[in-house]
Each structure stands twice: as C-alpha cells, then as structure tokens.
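Notes for the one structure printed next.
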Amino acid sequence: MSRFLTPSALLAFALLSFGAHADAIRQTKAPFEDKFRQLEGEDWPTPTDYRNASGAPGYRYWQQKVDYDIQVRLDEPTRQVSGTERIVYHNNSPDSLPYLWLLLDQNRFKRDSLDNLSRTVSGSSISLNQVRRAKRYQEWEGGFTIASVKDGTGKALAFHVVDSLLRVDLAQAVPGNGGRTEIEIAWSFPMIENKVIGGRSGYECFTQQGQDGNCIFEGAQWFPRLAVYSDYEGWHNKAFLGSGEFTLEFGDYKVALTVPADHVVASTGELANAEQVLSAAQRARLSQARSAKEPVYVVTPAEAEAAERTRASAEKTWVFHARNVRDFAWASSRKFAWDALGVAQNSAEQPLVMAMSFYPKEARPLWDAYSTKSIAHTLRVYSDFTFPYPYPTAQSVNGPVGGMEYPMITFNGPRPVKDKKTGNLTYSDRTKYGLIGVVIHEVGHQYFPMIVNSDERQWTWMDEGLNTFLQFQAEKRWDRDFPSRRGEPKDIVEYMVSRDQVPLMTQSDSLLQFGPNGYAKPATALTILRETVMGRELFDRAFREYARRWYMKHPTPYDFFRTMEESSGVDLDWFWRGWFYSTDHVDIALDGVLRYRLDGGDAEAEARWNRAEREREPASLTATRNIGKTVVETDPSTRDYYNTHDEFGPTAAQRRKAKADAQALEPEERLARAAKDSFYRFDFRNIGGLVMPVILKLDFSDGSTETIRIPAEVWRKNARQVTWEYVTSKSIQRAEIDPLWETADADRANNVFAGDIQTRTLKISAPPADSDRMRDDDLKVTPDSLQTYPAPHKD
C-alpha cells in the first residue's frame with residue numbers, strides 16, 4: 001500500500017475526521033437550560049396600547065360597564081326565586097357588538113348540564129352525600145327558566161341558551177366607543193338545597209327534631225348577568241363547570257327584594273328604605289354601631305328567636321343600591337340576629353365601613369365573638385397591602401355555604417356543635433380558627449377579585465392565590481400562633497413532590513389538586529417572594545402598585561408579573577418560570593465543603609504545614625499489623641538519602657526560589673500571601689430543578705454564626721450544580737442550607753454539612769506574561785528613539 005493518500009482519499013479522511021469530531025462535541029457538550037431567560041416573547045403576550053410593557057393599563061385601556069335595575073321575589077313555601085331585570089349595557093370597546101352573552105350559572109344544576117354529565121367517579125365505595133344527590137336529581141331539577149327577553153322598547157329579542165350561557169341577538173348592533181343598549185329579561189329558578197346538591201348558594205332548613213323548622217336562603221348567581229368582553233379575549237363565554245368561578249363587568253345596581261315580612265335581609269349595597277323594613281329601635285342601634293368600640297346588635301338574638309316562633313303571611317320589599325360593583329348577592333331569613341361595627345379608615349371617599357354579621361342562634365356564641373371583629377381586622381390588613389376599602393359595608397352571613405364571596409357580602413359556615421348525648425354546646429379550636437380564617441379569606445376576596453377584577457375561570461391563582469397570601473398575613477397579625485393552613489413554605493412540600501400536579505397557569509377546570517394548586521402553592525410562592533427573594537420593602541411597594549393600577553379593572557397574570565418587576569427593579573422571570581409555569585420543586589443539596597489556605601511563599605512554613613497534614617493521616621494499617629522488622633530496618637546498606645531526609649523540608653533550590661519570588665512580589669501580592677483567611681468552597685446541587693436563592697447558615701468554632709443569602713442568580717451559568725466561595729478568617733464547623741425553612745426545600749436531609757472539613761492549599765497564580773518579542777530580543781527603545789527597518793522579506 002502506498003504511504004501517500006490520493007486527493008479523494010484525503011477529502012474522505014477529512015470529512016470522516018470532522019464528523020467524528022462533531023460527534024465527540026455533541027457527546028461531551030454539557031446539557032444547559034437557561035433558567036433566567038426572559039419570558040417576554042416566549043410565554044407572555046406582546047404589550048399593546050391597552051396593556052403596556054410596564055404592567056400598567058395602556059393609554060387606550062377600556063372596559064365595559066353594565067347597570068342593573070332588578071325586582072325579585074323569594075317564595076318561601078316553594079323556594080322559588082323569580083324576577084325581572086332591566087340591563088343597560090355600555091359598550092366602551094372599539095368594536096360593534098351584534099349580540100350579548102350572559103351567564104346563567106344556575107343552569108349548572110340542570111340534569112343535562114355539561115357539569116352534571118361530565119362528572120366522574122372513582123373507587124369502589126360511595127358516600128351518603130353522593131347517594132342523596134343522585135336521588136334528589138331523580139325528582140328535582142334546577143336551572144333558569146327564561147320567560148322573555150326584550151329590548152328597551154319592549155320588543156321581543158331572539159335568544160339562545162347554550163348550557164350555562166345565554167346569547168341575546170340584538171335588533172341592531174350596539175356601536176363601540178360609548179354606544180349603549182337596553183334589554184329586559186324575565187326569569188325564575190328553584191333554589192337548591194345546598195347541603196344536598198352543593199354549590200355557592202341555596203337554602204338550609206332547620207327541620208330536625210327539636211329545631212324550629214325555619215330556613216336560611218342565600219342568593220348568589222341568581223340572575224342572568226353579562227359576561228365580560230375584554231381586549232385580550234373578546235367574550236368570556238366559557239361554560240360554568242363548578243370550579244372555575246367568574247369575572248364580571250362593573251356597574252351600578254338597584255335591587256328590590258321582596259321576602260316574607262318577618263325576614264331580615266343582608267345584601268350587597270346599602271339599604272335604601274330602612275324606615276320601611278326596620279323598627280325605630282333597630283335603626284337607632286344601627287346608627288349607634290357606627291361609632292361603637294364593640295359590635296352592636298341591630299337585630300338582637302331575642303328578636304330573632306321571637307320571629308322564629310311565627311310565620312308572617314305578609315311581605316316586605318328591601319331596596320338596596322350599589323355603585324361600581326361586579327356582582328350582587330343576598331341572604332334572607334327570620335332566624336337572623338344582626339350585629340354591626342363601624343370601621344374607620346383613612347379615605348376621603350369612604351371614611352367609614354360598616355362591618356356586619358348575620359347569623360342564627362345555632363351559630364352563637366362563636367359568631368358573636370369573632371365574625372364582625374374578623375371583618376374589621378381583614379379590612380385593616382388588606383388595606384395596608386393595597387388600598388382603602390371602597391364600599392360602605394362588608395358583611396359575613398352564616399348559612400349553608402361554607403365560604404363564598406360577593407361584593408360587600410360573604411357566606412361563611414362554621415358553627416358550634418351540640419353534643420347529642422349531653423346537649424352541651426361546644427366548639428373546637430379548629431372550628432374557632434376555621435371561622436376566623438374563612439371570614440378573613442372571604443372578606444379578603446372583596447379586594448381580589450371583587451375589586452382587582454381578575455379572570456378566575458382562566459387563572460385561579462390570581463383570585464385564590466393572591467387572596468390566600470394576604471389571608472396568611474392577616475392570620476399571623478391576628479395571632480402569631482394562628483394555625484394557618486396555607487402560606488408557610490414547609491407546608492407546600494408534600495404537594496410539590498406529588499404526582500398529580502399541573503402548572504399554576506393551568507385553566508381552572510383542569511386543575512388536578514384544586515386546593516394545593518389554586519390556593520396553597522401561589523400563596524407560598526408570594527410569601528417566599530416577599531420574605532426571601534425581594535424583601536418586604538420592595539415586595540410591598542410593587543404589590544401595592546399592582547393593586548392600585550388595576551383597581552376596578554381587569555388584570556391578567558402578565559400585568560401582575562410585569563408590574564412586580566417594573567416597580568421593584570428586580571428581574572423575576574426565573575421565579576415566575578419555576579413557580580408558575582413548571583412543576584419543579586425545591587431541593588438544593590449541600591454536597592461538600594472544602595477549605596483552602598493560601599500558599600504563603602515561605603518555604604519553611606509550607607514545609608511545616610505539609611508535615612502537619614501528613615501527621616494527621618493514620619499510618620498504613622497493613623504496615624502496623626506486620627510482625628518483625630523490615631529490610632530497611634535490618635540492612636543498613638539498603639538505606640540512602642531518601643530514607644533519612646525530611647521529605648517535607650524545603651530543598652536548597654526551593655529556598656532560593658522562594659527568596660527570589662518574595663523579592664519580586666508587588667506590595668499587593670505580599671499582603672495576599674500574608675493573609676490568614678481561609679477560602680471555603682461549597683458544592684451546591686439543584687436536585688428539584690427549581691432555581692432559588694441559597695440561604696446558607698455558617699457556625700464557627702468561636703461560637704458565632706452568620707447567615708449569607710446567596711441570590712438565585714448563582715445558578716445562571718449552571719442550573720444543576722455550582723461551587724460557591726466564601727472567605728473568612730474564622731474556622732467553619734457546620735454549614736446548613738435554608739435554616740429557617742423558608743424556601744420549601746423538599747429534602748432537609750441533604751442540607752447540612754458538619755464535621756471535619758478537609759483543607760487544601762491554593763497557590764497564587766500570576767497572570768501570564770504578555771508576548772513581547774522586543775523584550776525577548778533584548779531591544780531597548782526610548783520615547784525619543786526612531787527605528788527604521790527594511791521592507792518585509794517576501795518569498
């Protein structure tokens with residue numbers, strides 16, 4: 001074979017070599033994911049004139065306005081609600097709208113609704129509640145009956161019901177940029193027995209042995225209401241499946257509620273005809289409550305119990321007015337006691353808010369003690385974080401609904417219990433704190449989403465998560481030891497390592513674990529963002545900015561994310577990506593700690609150091625266990641220089657070099673060599689995948705401690721494993737990650753390094769000398785010298 005390759009063979013060899021090299025590059029290339037890349041253009045919509053890049057409403061931002069005038073009647077014997085409403089729709093969008101979409105949430109309780117027909121079951125057993133619900137649906141059906149839809153002149157309009165939605169086709173499209181139209185709707189529906197069917201409204205009757213036989217009615221989602229039409233989605237006309245709640249348009253309401261004459265009514269808005277429905281004594285007590293230090297009974301428990309003993313045959317109409325609200329709810333019963341307390345606030349628009357509670361005797365004494373005071377506390381804490389409460393009332397009503405919110409009114413469930421054997425009335429600590437917690441939570445919803453009007457059906461966390469975060473703050477300001485269910489980082493770990501997870505940005509109806517995902521995880525994320533990532537000052541400033549920017553408006557998650565970053569000056573894309581867009585969890589391990597000392601340049605000192613390090617090592621186990629003498633010990637002729645010299649002692653050459661090196665040092669280098677600091681290097685490994693700050697607590701041999709907060713950006717070059725250095729003159733004995741349990745780290749077993757820390761030596765490396773051929777050629781020039789050279793030689 002010839003020893004030379006032909007040109008074609010050379011080319012083939014080159015290509016083969018290049019391919020092999022490329023494969024080698026691919027095989028050795030370390031996997032890298034930039035956890036800090038920007039979300040703009042990746043997962044966030046492009047800013048517009050309606051929503052700008054800072055997270056604020058744009059200069060062309062708009063939203064619709066819808067006003068309602070409603071007459072409604074509750075028929076107590078049949079438990080039917082019927083009414084008529086006149087709707088004025090203000091189209092502030094730039095679009096002409098030929099039809100309107102309204103929500104018919106009661107249609108969820110039709111037998112053939114999407115919600116009912118898509119329900120699934122699991123397991124080999126069935127609960128009594130499931131049996132009762134199934135049997136009830138065999139004899140009963142809920143849902144709206146739409147009697148008529150007319151325009152403002154009384155002319156009938158075509159309409160079409162699509163599950164829980166109603167489309168009204170207008171005779172003429174309502175023009176954009178300020179156009180308006182009017183429609184009238186007549187409707188009715190049967191109220192649900194809440195304890196049997198479930199849901200967010202309904203009735204509860206006290207008909208068991210020894211009870212008074214009366215009912216509590218809670219009206220919610222009780223009238224056809226306009227769906228939102230927005231700049232980012234158009235019509236929000238997704239069917240109601242039970243989990244995803246609702247976003248609605250703001251407007252003004254006038255509602256006339258006709259109920260039995262002996263009922264007491266709690267409602268969204270302010271009572272406009274107190275003279276017709278309250279006694280003079282009750283009106284006086286209501287006035288007294290405005291400046292009272294403690295809650296005052298407006299309707300006393302004695303008055304409520306007296307009303308329970310009879311049934312009025314006449315009716316009364318309670319009239320309420322509400323301005324700039326996005327929904328309307330009410331409750332009615334002859335069982336209600338009613339207490340009230342004025343809450344002063346620093347607001348020219350709303351200097352006083354009436355905190356009020358409505359409850360039956362079965363809720364006493366728990367509700368007397370805690371409900372109204374919990375409302376007042378909530379208003380103070382939430383306003384500190386956001387803005388003054390803008391409405392005249394904030395109410396808590398005890399009834400069948402365990403916890404639900406509407407403008408100015410909330411439905412809350414916990415009550416004391418009566419022992420069946422002894423008849424003693426008691427309540428557990430769980431019931432007590434459950435009542436305080438649910439009142440805080442539901443009244444807190446007045447801020448999110450009743451005022452900062454996010455789309456709950458699309459993004460549950462914007463409603464439940466932000467509110468649960470503030471609930472956690474309010475609970476800890478109520479009692480430092482409050483047994484909060486959600487908010488502490490340690491409490492979210494179990495969910496974050498579980499299987500059935502979806503990202504927080506998942507649509508509400510598709511959440512697999514609704515409570516942990518919609519409530520607990522976002523609340524915990526915001527707690528960590530406030531306490532650990534941003535700090536309270538920056539977080540509180542940015543959070544308040546978001547709340548005030550989107551006061552009485554429709555924000556999206558991107559408006560929240562952008563505002564928090566723009567207002568604080570902190571880049572948080574990595575945080576949103578990890579906590580809101582992924583199902584990664586936090587697990588940062590402290591894999592190792594090494595101590596490094598500097599080579600001081602003193603040959604004798606370095607020899608002593610090396611000798612001491614060797615002496616710390618145990619002798620050879622085999623050598624120490626051998627019996628008899630070795631050859632070197634018995635035969636002197638086998639011993640030479642290497643058997644007798646100090647292997648750690650510096651040689652003459654090392655001494656000369658050390659001396660020469662010392663003479664050549666610059667002053668800064670002399671100080672560096674003389675330093676007694678230790679360079680500790682920590683190996684951190686990100687097992688869970690979610691990048692987070694590393695909070696590192698160090699315990700020193702002198703008894704002191706120090707906690708260093710290493711920012712999340714430590715992971716920007718490698719999100720899996722990094723080595724971080726810390727310089728100190730002290731001796732570290734122990735190191736621990738996340739000592740206060742503030743990052744939701746899932747595995748604390750790998751967070752601690754204690755015991756013997758190995759020490760190694762670092763040599764100070766001088767920067768490489770510049771290539772200088774003039775120097776190497778012994779050429780000397782002066783500032784005034786001029787050198788001339790012949791032209792370069794060319795072949």
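The structure displayed is predicted, hence computed values, not measured ones.
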message = I'd like to know if D43 pairs up with R577 as an ion pair, taking the criterion as any Lys NZ or Arg NE/NH1/NH2 lying under 4.0 Å from an Asp or Glu carboxylate oxygen.
response = no
Between CG on residue L690 and NZ on residue K35, distance to nearest 0.5 Å = 7.0 Å
ask   = Does R200 make a cation-pi contact with F411 (under 6.0 Å, within 45 degrees of the axis)?
value = no
ask   = So, D683 and T723: side-chain donor and acceptor under 3.5 Å apart, yes or no?
value = yes
message = With heavy-atom distances below 4.5 Å as the criterion, would you say the side chains of L572 and L529 are in contact?
response = yes
remark   = For V439 and S374, the nearest pair of non-hydrogen atoms, with its separation, is CG1-CB, 3.6 Å
ask   = Name the one of Y519, F561, Y581, F448 that satisfies ring pair (Phe, Tyr, Trp, His ring centres under 6.0 Å) with W461?
value = F561
message = Closer than 4.0 angstrom, basic N to acidic O: yes or no for E537 and R541?
response = no
inquiry  = Can you confirm whether the side chains of Y359 and S396 place a donor and an acceptor under 3.5 Å from each other?
reply    = no
For the student: nearest non-hydrogen atoms of G444 and T378, plus distance = N-CG2, 3.7 Å
ask   = Between the main-chain N or O of G55 and the side-chain N or O of W550, is there a donor-acceptor pair closer than 3.5 Å?
value = yes
key: Candidates S701, S704, S678 - the one meeting side-chain hydrogen bond (donor to acceptor under 3.5 Å, both in side chains) with K730   = S704
query = Sub-3.5 Å donor-acceptor pair from the side chain of E456 to the main-chain atoms of P449, do we have one?
reply = no
ask   = Do the non-hydrogen side-chain atoms of T410 and Q446 ever get within less than 4.5 Å of each other?
value = yes
request  = Apply side chain to side chain contact (heavy atoms under 4.5 Å, CB included) to W367 and N412, showing your working.
outcome  = CA-CA 10 Å; W367 275 65; N412 303 300; 3.8 Å; yes
query = Would you call E742-R709 a salt bridge at under 4.0 Å N-O?
reply = yes
inquiry  = With rounding to the nearest 0.5 angstrom, report the CZ to CZ distance, F679 to R595.
reply    = 11.0 Å
inquiry  = Centroid separation under 6.0 Å, is that true for the rings of F469 and F539?
reply    = yes
key: Approximate separation, where rounding is to 0.5 Å, of Q507 CD and W459 CH2   = 10.5 Å
message = Quick one about T431 and S428 (side-chain donor to acceptor, distance below 3.5 Å, no hydrogens or angles considered), yes or no?
response = yes
ask   = Checking side chain to side chain donor-acceptor pair (under 3.5 Å) for the pair N52/S54: CA distance, chi angles, key distance, verdict?
value = CA-CA 6 Å; N52 68 36; S54 73; 2.6 Å; yes
query = With a 4.0 Å cut-off, would you call E464 and K521 a salt bridge?
reply = no
key: Donor-acceptor pair between Q395 and T393 side chains, under 3.5 angstrom   = yes
request  = Heavy atoms only: give me the nearest V353-A394 pair and the separation to one decimal.
outcome  = CG1-N, 4.1 Å
request  = Indicate the ring-plane relationship of W478 and H377, choosing parallel, tilted or perpendicular according to the 30° and 60° boundaries.
outcome  = perpendicular
query = Quick check, are the ring centers of F472 and F482 under 6.0 angstrom apart?
reply = no
inquiry  = Quick check: do E565 and D571 have side-chain heavy atoms less than 4.5 Å from each other?
reply    = yes
ask   = Can you check side chain to side chain contact (heavy atoms under 4.5 Å, CB included) on I732 and F700, steps first, answer last?
value = CA-CA 4 Å; I732 295 176; F700 300 102; 3.5 Å; yes
request  = Using side-chain hydrogen bond (donor to acceptor under 3.5 Å, both in side chains) as the criterion, point out the one residue from Q458, H445, R457 that pairs with D463.
outcome  = H445
request  = Working to the nearest 0.5 Å, report the span between CG of D509 and OG1 of T460.
outcome  = 8.0 Å
task = Starting from the C-alpha separation in whole Å, work towards a yes-or-no answer on side chain to side chain contact (heavy atoms under 4.5 Å, CB included) for T524 and M496.
result = CA-CA 11 Å; T524 305; M496 292 187 70; over 6 Å; no
ask   = Sub-3.5 Å donor-acceptor pair from the side chain of R685 to the main-chain atoms of I588, do we have one?
value = no
request  = Please report the shortest heavy-atom distance between E442 and G403, naming the atom on each side.
outcome  = OE2-C, 3.3 Å
request  = I would like to know whether S357 and I375 meet side chain to side chain contact (heavy atoms under 4.5 Å, CB included); could you show each step before the answer?
outcome  = CA-CA 9 Å; S357 297; I375 297 171; 3.8 Å; yes
message = For R536, is there an ion pair with E531 - N to carboxylate O distance below 4.0 angstrom?
response = yes
key: Exceeds 12 heavy-atom contacts within 6.0 angstrom, atom CH2 of W44   = yes
key: Side chain to side chain, V502 and S510, heavy atoms closer than 4.5 Å   = no
query = To the nearest 0.5 Å, how far apart are CE in M505 and OH in Y558?
reply = 4.0 Å
remark   = Note: P503 and T583 closest approach over all heavy atoms is N-CG2, 3.8 Å
task = State whether the number of non-hydrogen atoms from other residues, nucleotides or ligands found under 6.0 Å of E494 atom CD is greater than 12.
result = no
key: Full working for side chain to side chain donor-acceptor pair (under 3.5 Å) between S383 and Y447   = CA-CA 9 Å; S383 293; Y447 295 79; 2.8 Å; yes
query = F682 vs F684 aromatic rings, parallel, tilted or perpendicular, using cut-offs 30° and 60°?
reply = parallel
ask   = Hey, does the side chain of Y382 reach the backbone of Q471 with a donor-acceptor pair shorter than 3.5 angstrom?
value = yes
query = Side chain of W715, backbone of M692: donor and acceptor closer than 3.5 Å?
reply = yes
request  = Start with the C-alpha distance between H441 and N467, add both sets of side-chain angles, then the distance that settles side chain to side chain donor-acceptor pair (under 3.5 Å), and finish with yes or no.
outcome  = CA-CA 7 Å; H441 183 89; N467 184 44; 3.3 Å; yes
inquiry  = Please check if the number of heavy atoms outside N346 that lie under 6.0 Å from its CG is greater than 12.
reply    = no
task = Please tell me if the side chains of I528 and W579 come closer than 4.5 Å, counting only heavy atoms from C-beta onward.
result = yes
task = Please round to the nearest 0.5 Å and tell me the distance separating atom CG of D559 and atom CD of E566.
result = 12.0 Å
task = Check whether any side-chain heavy atom of T556 lies under 4.5 Å from a side-chain heavy atom of R51, and answer yes or no.
result = yes
ask   = Taking side chain as C-beta onward, heavy atoms only, is V533 less than 4.5 Å from P693?
value = yes
key: Min side-chain heavy-atom separation K432-L366 under 4.5 Å   = yes
ask   = Are R530 and D540 within salt-bridge range, i.e. N to O under 4.0 Å?
value = yes
Check: F560 ring centre within less than 6.0 Å of Y546 ring centre = yes
remark   = Nearest heavy-atom approach of A589 to I687 is CB-CD1, 3.8 Å
task = Would you confirm whether Q721, through its side chain, and N718, through its main-chain N or O, come within 3.5 Å as a donor-acceptor pair?
result = no
key: Distance-only donor-acceptor check, side chains N750 and D587, under 3.5 Å   = yes
